[in-house]
Peer 1: 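The structure under discussion is supplied below as structure tokens; questions concerning it will follow.
The basis for the numbers below is simple: all heavy atoms, side chains too, and nothing from hydrogens, waters or symmetry mates. By convention in this document, chain letters (A, B, ...) are assigned in the order of the sequence lines, proteins followed by strands, and residues within each chain are numbered from 1.
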Amino acid sequence: MATIKPAIPKGTRDFSPEEMVKRNYIFDTIRTVFKKYGYQEIQTPTMENLDTLTGKYGDEGDKLIFKVLNSGDFWAEAERRNQKAGNPEWSSKTLLPAVSEKALRYDLTVPFARYVVMHQNDITLPFKRFQVQPVWRADRPQKGRYREFYQCDADVVGSESLLNEAEFVLIYQEALSNLGLKDFTIKINNRKILSGIAEIIGKPELIVDMTVAIDKLDKVGLNGVTKELLERGFTEADIERLKPVILLEGTNGSKIDQLKAVLTSSETGLKGIAELELILEYVSLFESQTSNVEVDITLARGLNYYTGAIFEVKTNEVPMGSIGGGGRYDDLTGMFGLKGLTGVGISFGADRIYDVLQELDLFPERTSLTTQVLFSNFDTEAEKFALPLLRKLRSEGISAEVYPSPARLKKQLGYADDKKIPYVVLIGSEEMQSGLLSVKNMKTGEQAKVRAEQLFMYFKQTTDAGV
RNA sequence: GUGGUUUUAGCUCAGUUGGUUAGAGCGCCUGAUUGUGGUUCAGGAGGUCGUGGGUUCGAGCCCCAUAUUCCACCCCA
């Protein structure tokens with residue numbers, strides 16, 4: 001067999017032992033906070049049926065779904081079905097469903113909605129679930145953008161209360177602070193406010209075009225936004241009316257006041273403002289800070305599905321896309337036939353958070369995660385001598401290993417060195433005769449004599465002391 | 001999907017207008033130390049120059065295609 005060049009698909013990554021320690025630290029920190037707020041973990045399959053996913057993420061999103069080719073003779077099967085249908089010409093639109101019926105998970109929200117509908121008889125509403133799993137997008141990779149990445153989602157379905165939204169603000173604050181981030185902004189907006197604005201200028205059908213354009217304010221400036229609005233069907237007069245909203249500044253309170261003034265004639269818009277106000281009030285009633293919560297009217301992500309609150313989290317310490325986002329869907333499960341169930345949720349982008357923590361050097365030192373004790377291996381006799389001692393240490397909860405072959409001691413100590421193992425127990429003929437083992441401290445280079453029976457006590461004390 | 005960029009030893013990277021045998025640092029292996037690492041010293045191995053075509057007497061260098069890296073758009077975690 002020809003040897004092939006080892007490689008992994010574009011936008012995917014291997015994770016080394018060191019990276020996994022750090023990644024698990026992030027996952028564990030976020031998980032702990034989710035649990036603390038009453039969320040329970042579920043998992044869903046890597047693959048979903050293709051029709052479960054298509055049409056849920058907009059045209060752009062559908063293109064980014066990784067499709068799985070049918071197994072078996074997919075081509076013969078496709079032709080067979082095509083004949084039944086009277087042999088129309090193949091097009092990319094008809095060929096796809098004929099050769100692919102499964103796809104990789106694109107996010108965690110849609111599979112969750114599917115889950116809720118499938119298990120509606122087994123769950124109690126409101127249902128609060130969290131999920132930490134990889135998702136896949138056939139995007140072009142770049143900084144902070146991967147084709148396989150992990151999301152940490154928490155959603156609650158079946159509760160209209162804005163208390164949920166407020167708690168999500170707290171969850172963001174708590175989880176990100178626990179991870180050591182100091183300066184981040186939780187941006188919040190409301191779809192109803194955007195609808196209200198579009199309504200006021202008499203172009204409710206252009207709400208998406210409007211928000212996509214004003215979302216770019218900090219990137220292209222007012223002139224750029226104006227240009228884009230004109231291209232998207234707005235008039236100069238519309239833009240004049242939009243200007244005060246686009247250029248909204250000041251504290252959350254003053255932004256809200258200004259919006260109220262603009263939206264007086266829009267019932268929807270005022271409802272959105274009332275929701276926003278209540279969420280902020282809840283947050284402060286929790287005696288939590290609102291200084292890193294920012295009302296941002298230009299925030300428009302996920303507009304295809306969000307109906308109420310919209311969240312986005314950005315770190316201000318390093319340049320990076322958003323590290324989290326979320327919002328409310330009034331009809332989360334409707335697409336799967338269960339009407340009238342509202343849902344709201346948030347997501348943490350673990351891979352981006354990793355990149356941020358890495359750049360800010362915020363990962364904690366944790367030395368105890370490697371092997372604590374290595375038994376040297378001089379020969380078969382010494383190896384046999386070491387095994388009961390090894391078992392004893394492990395039964396005491398001390399992670400230990402024996403070098404698996406009688407290699408030169410130099411090599412064995414080099415192994416301990418590379419793996420940052422703090423102690424090596426040397427067992428040779430001398431030690432076996434006297435029962436006094438040589439314990440080498442790899443940091444200081446010092447060697448102590450320890451009785452074989454005392455060995456576990458010796459390490460229990462030293463490792464407990466955090467060496 | 002659009003535009004640009006990267007690829008040379010295990011790793012990070014040099015490599016002149018196209019010209020003999022493609023280099024460095026680190027790592028690795030061996031020895032100084034037949035039971036002592038991390039430091040030091042001496043020596044050694046390791047390269048289809050991303051891949052496939054082309055131009056040329058001659059290509060790491062020029063041309064085309066393709067993959068890959070990173071970046072900016074679109075969009076998004």
Side-chain angles (χ1 to χ4, degrees), chain A residues 2-13 16 26 30 57-65 105-109 132-153 172 208 211-213 215-216 219-220 224 228 299-305 311-315 319-327 345-356 374 376-379 382 403 406-432 437-447:
Chain A
T3 60
I4 50 154
K5 195 178 172 182
I8 54 176
K10 187 201 299 209
T12 65
R13 296 154 297 159
S16 67
I26 294 173
I30 293 171
Y57 309 107
D59 290 341
E60 287 292 329
D62 282 357
K63 284 184 206 154
L64 301 182
I65 296 173
R105 194 196 297 127
Y106 177 90
D107 72 355
L108 301 179
T109 308
V132 178
Q133 288 191 271
V135 302
W136 292 268
R137 295 186 187 175
D139 216 345
R140 190 175 289 206
Q142 51 180 274
K143 189 183 179 70
R145 178 178 292 193
Y146 308 99
R147 292 182 131 184
E148 177 185 57
F149 61 98
Y150 275 69
Q151 287 191 329
C152 312
D153 272 33
Y172 271 135
V208 172
T211 48
V212 167
D215 186 37
K216 292 178 184 161
K219 240 181 210 166
V220 297
E228 183 144 357
L299 176 59
R301 65 189 44 247
L303 205 72
N304 284 328
Y305 30 90
F311 297 109
E312 175 172 284
V313 185
K314 294 200 72 168
T315 171
M320 175 67 72
S322 66
I323 55 174
I346 55 168
S347 180
F348 288 82
D351 300 83
R352 285 192 178 169
I353 292 173
Y354 183 101
D355 292 346
V356 171
L374 175 74
S376 69
N377 189 334
F378 282 32
D379 49 42
Y403 198 86
R408 293 197 338 279
L409 189 56
K410 184 178 176 139
K411 180 140 183 145
Q412 302 189 31
L413 290 171
Y415 173 80
D417 224 24
D418 277 350
K419 217 170 157 182
K420 298 191 168 55
I421 298 173
Y423 292 98
V424 176
V425 179
L426 301 167
I427 304 174
S429 52
E430 199 183 296
E431 282 85 357
M432 284 189 283
L437 310 183
S438 301
V439 176
K440 185 175 177 75
N441 179 326
M442 294 300 284
K443 215 172 201 171
T444 62
E446 286 165 8
Q447 265 174 236

Peer 1: Between A/I8 and A/F149, which is nearer to the 5' end of RNA chain B once each is assigned its nearest nucleotide?
Peer 2: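 First, find each residue's nearest nucleotide; the 5'-ward one identifies A/I8.
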
Peer 1: Can you tell me how far P in B/G10 sits from the matching atom in B/C49, rounded to whole Å?
Peer 2: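 Each nucleotide's P atom is 13 Å from the other's.
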
Peer 1: Would you mind telling me which of B/C71, B/C76, B/C74 lies closest to the side-chain atoms of A/R352?
Peer 2: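 Output: B/C76.
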
Peer 1: Would you kindly give the CD1-to-P distance between A/I65 and B/C76, to the nearest whole Å?
Peer 2: 14 Å

Peer 1: Using a 4.0 Å heavy-atom cut-off to protein, can you give one letter per nucleotide of nucleotides 30-39 of chain B, 5' to 3': B if the base is in contact, S if only the sugar-phosphate is, - if neither?
Peer 2: SS---BBBB-

Peer 1: Given Watson-Crick or G-U pairs with both distances under 3.5 Å, what dot-bracket string fits RNA chain B, with | for other-strand pairs and [ ] for crossing?
Peer 2: ((((..(..((((.....[...)))).(((((.......))))).....(((((..]....))))))..))))....

Peer 1: Answer with base, sugar-phosphate or nothing: what part of the nucleic acid does A/G144 contact at a heavy-atom distance below 4.0 Å?
Peer 2: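 Contact class for A/G144: base.
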
Peer 1: So what does A/S322 hit on the nucleic acid, given a heavy-atom distance under 4.0 Å: a base, only sugar-phosphate, or nothing?
Peer 2: sugar-phosphate

Peer 1: Using the C1' atom on both, measure B/U8 against B/G50 and round to a whole Å.
Peer 2: 10 Å

Peer 1: If we take the C1' atom in both B/A22 and B/G46, what is their distance in whole Å?
Peer 2: 14 Å

Peer 1: From B/C75, B/A77, B/G3, pick the nucleotide closest to the side chain of A/R140?
Peer 2: B/G3

Peer 1: Going by heavy atoms in the side chains, are A/Y150 and A/I26 under 4.5 Å from each other?
Peer 2: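 Answer no - side chains too far apart.
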
Peer 1: Can you find a side chain N or O atom of A/K314 that sits less than 4.0 Å from OP1 or OP2 on B/C76?
Peer 2: no

Peer 1: Any side-chain N or O of A/K63 under 4.0 Å from OP1/OP2 of B/C75?
Peer 2: no

Peer 1: Would you indicate which nucleotide in B/U68, B/C74, B/A77 comes nearest to any side-chain atom of A/Q142?
Peer 2: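 Looking only at heavy atoms from C-beta outward on A/Q142, the closest nucleotide is B/C74.
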
